[in-house]
Amino acid sequence: MNNYRMETKCVQGGYTPGNGEPRQIPIVQSTTFKYNTSEDMGKLFDLETSGYFYSRLQNPTCDTVAAKICALEGGTAAMLTSSGQAANFYAVFNIANCGDHVVASSTIYGGTFNLFSVTMKKMGIEFTFVAPNCSDEELAAAFRPNTKAVFGETIANPALTVLDIERFAKAAHEHQVPLIIDNTFATPINCRPFEWGADIVTHSTTKYMDGHASGVGGCIVDSGNFDWLAHADQFPGLCTPDDSYHGITYAEKFGKEGAFITKATAQLMRDFGSTQSPQTAFLLNLGLESLHVRMARHCENALAVAKFLKTHEQITWVSYPSLEGDPYYEAAKKYMPNGTCGVVSFGVKGGRVAAENFMGHLHIAAIETHVADARSCCLHPASSTHRQMNDEDLLAAGVSGDLVRLSCGLENAQDLIEDIAQALEAIKE
Ligand SMILES: *Cc1c(COP(=O)(O)O)cnc(C)c1O
């Protein structure tokens with residue numbers, strides 16, 4: 001399946017039924033699995049043979065869907081998680097522990113910013129945030145001897161900045177650490193960060209991958225490119241025996257291709273248990289089957305809406321990386337020549353109050369804490385997802401008081417534009 005093109009992988013990746021087997025992926029709704037002898041089971045616990053024993057660690061339905069996403073990203077191993085938050089937490093915590101440090105882009109999703117700057121900080125992990133468009137000198141100055149990873153988003157939610165993945169990968173590798181990229185907004189249809197040097201990719205599958213607002217989920221994919229053993233001192237968790245797992249040294253036993261995901265499953269999933277349910281994985285797979293068809297339409301609709309907003313006198317600014325003139329237009333063209341995402345951010349004349357007023361007059365786009373749904377939706381981040389941030393953090397995150405985040409769905413583009421036009425008309429003084 002790995003030799004096929006993206007569209008074929010979306011539809012058929014991860015699962016090839018045998019003779020007389022179900023055409024659709026089976027939902028293995030079972031917490032546990034039966035074995036004939038305790039010895040058989042013991043081998044599974046020792047990671048001597050692969051197989052299933054308890055769905056907190058692994059489940060066949062979830063693995064089938066993870067394999068599809070792995071193929072789409074061009075990775076060597078992948079795992080599903082209960083949410084995007086869990087995916088980002090595991091991806092970072094798998095290599096950065098108490099006393100360690102991570103460099104992250106300042107415009108990342110508010111939930112991830114909070115996870116890093118508040119919750120993981122309490123665990124003794126320090127983060128230095130750098131602007132995605134910082135200078136090479138500023139980026140280099142962010143590293144410390146105890147830095148274990150660099151983290152950024154392909155397209156930031158909701159700031160819509162585009163990360164120069166190649167430049168961030170180069171800086172990470174010069175400091176002997178991997179680059180972790182949250183590829184939620186672009187999806188592998190529009191960008192495959194491994195092709196630009198990223199080492200680990202994460203997803204909130206809740207967004208475009210599911211695409212129908214039906215299931216919260218996440219995914220971690222390993223490129224298999226980062227040589228942990230070559231930097232063994234930096235990554236003792238992967239390169240020294242795990243006493244909690246019968247003395248296994250992940251990087252030795254599973255190699256570059258499998259060590260990261262095996263450790264995250266055997267250790268973090270075992271202990272934290274943020275698993276995706278097989279039912280949700282099944283829904284996620286339905287979404288993935290049409291991801292390539294939907295992404296193209298999301299992008300087409302968003303570009304039409306962005307172009308309309310750009311010329312409207314009641315709109316003070318528009319941010320959409322595929323829109324000519326956008327500060328990230330060149331980066332978007334390089335990393336995502338076929339389109340970026342369906343989300344457009346803009347400012348409504350009259351600021352915070354006008355923005356909220358405008359949203360109340362929309363008929364098609366509903367006010368929701370969500371993006372990337374087949375149905376258009378909108379949000380005022382300053383009063384919702386980002387309300388825990390002070391003004392300084394908001395500014396660094398690229399979120400102003402008048403910012404409306406509009407997620408263009410799969411409706412008719414002209415209907416979306418006419419709806420926006422009537423809402424702007426309604427709030428005119
Ligand atoms: C939504 C989102 C997350 C968090 O994912 P959940 O599935 O809501 O936990 C992480 N990163 C990005 C870029 C997101 O948009």
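Read the numbers this way: they start at 1 and go in the same order the structure lists the ligands and their atoms.
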Aromatic contact, Tyr208 with His298 (centres under 6.0 Å): yes
Tyr15 versus Asn285, side-chain donor and acceptor atoms under 3.5 Å: no
Ring geometry between Phe272 and Tyr90 (parallel below 30°, tilted from 30 to 60°, perpendicular above 60°): tilted
Closest approach of any protein heavy atom to atom 8 (O) of ligand 1, naming residue and atom: Ser204 OG, 4.1 Å
Identity and distance of the protein heavy atom lying nearest atom 15 (O) of ligand 1: Lys207 NZ, 2.7 Å
For Gln85, atoms of ligand 1 separated by under 4.0 Å from a heavy atom: 4 (C), 5 (O), 6 (P), 9 (O)
Subset of ligand 1 atoms that lie under 4.0 Å from at least one heavy atom of Asn157: 14 (C), 15 (O)
Close-contact set for ligand 1 against Glu153 heavy atoms, below 4.0 Å: 13 (C)
Close aromatic pair by centroid cut-off 6.0 Å: Phe226 and Phe260: no
Nearest non-hydrogen protein atom, atom 7 (O) of ligand 1: Thr206 OG1, 2.6 Å
Residue and atom name of the nearest protein heavy atom (relative to atom 12 (C) of ligand 1), distance in Å to one decimal: Asp182 OD2, 3.4 Å
Gap separating the CG atom of Asp199 from the CG atom of Leu179, nearest 0.5 angstrom: 6.5 Å
Side-chain donor-acceptor pair present, Thr64, Thr61, cut-off under 3.5 Å: no
Closest approach of any protein heavy atom to atom 6 (P) of ligand 1, naming residue and atom: Gly84 N, 3.4 Å
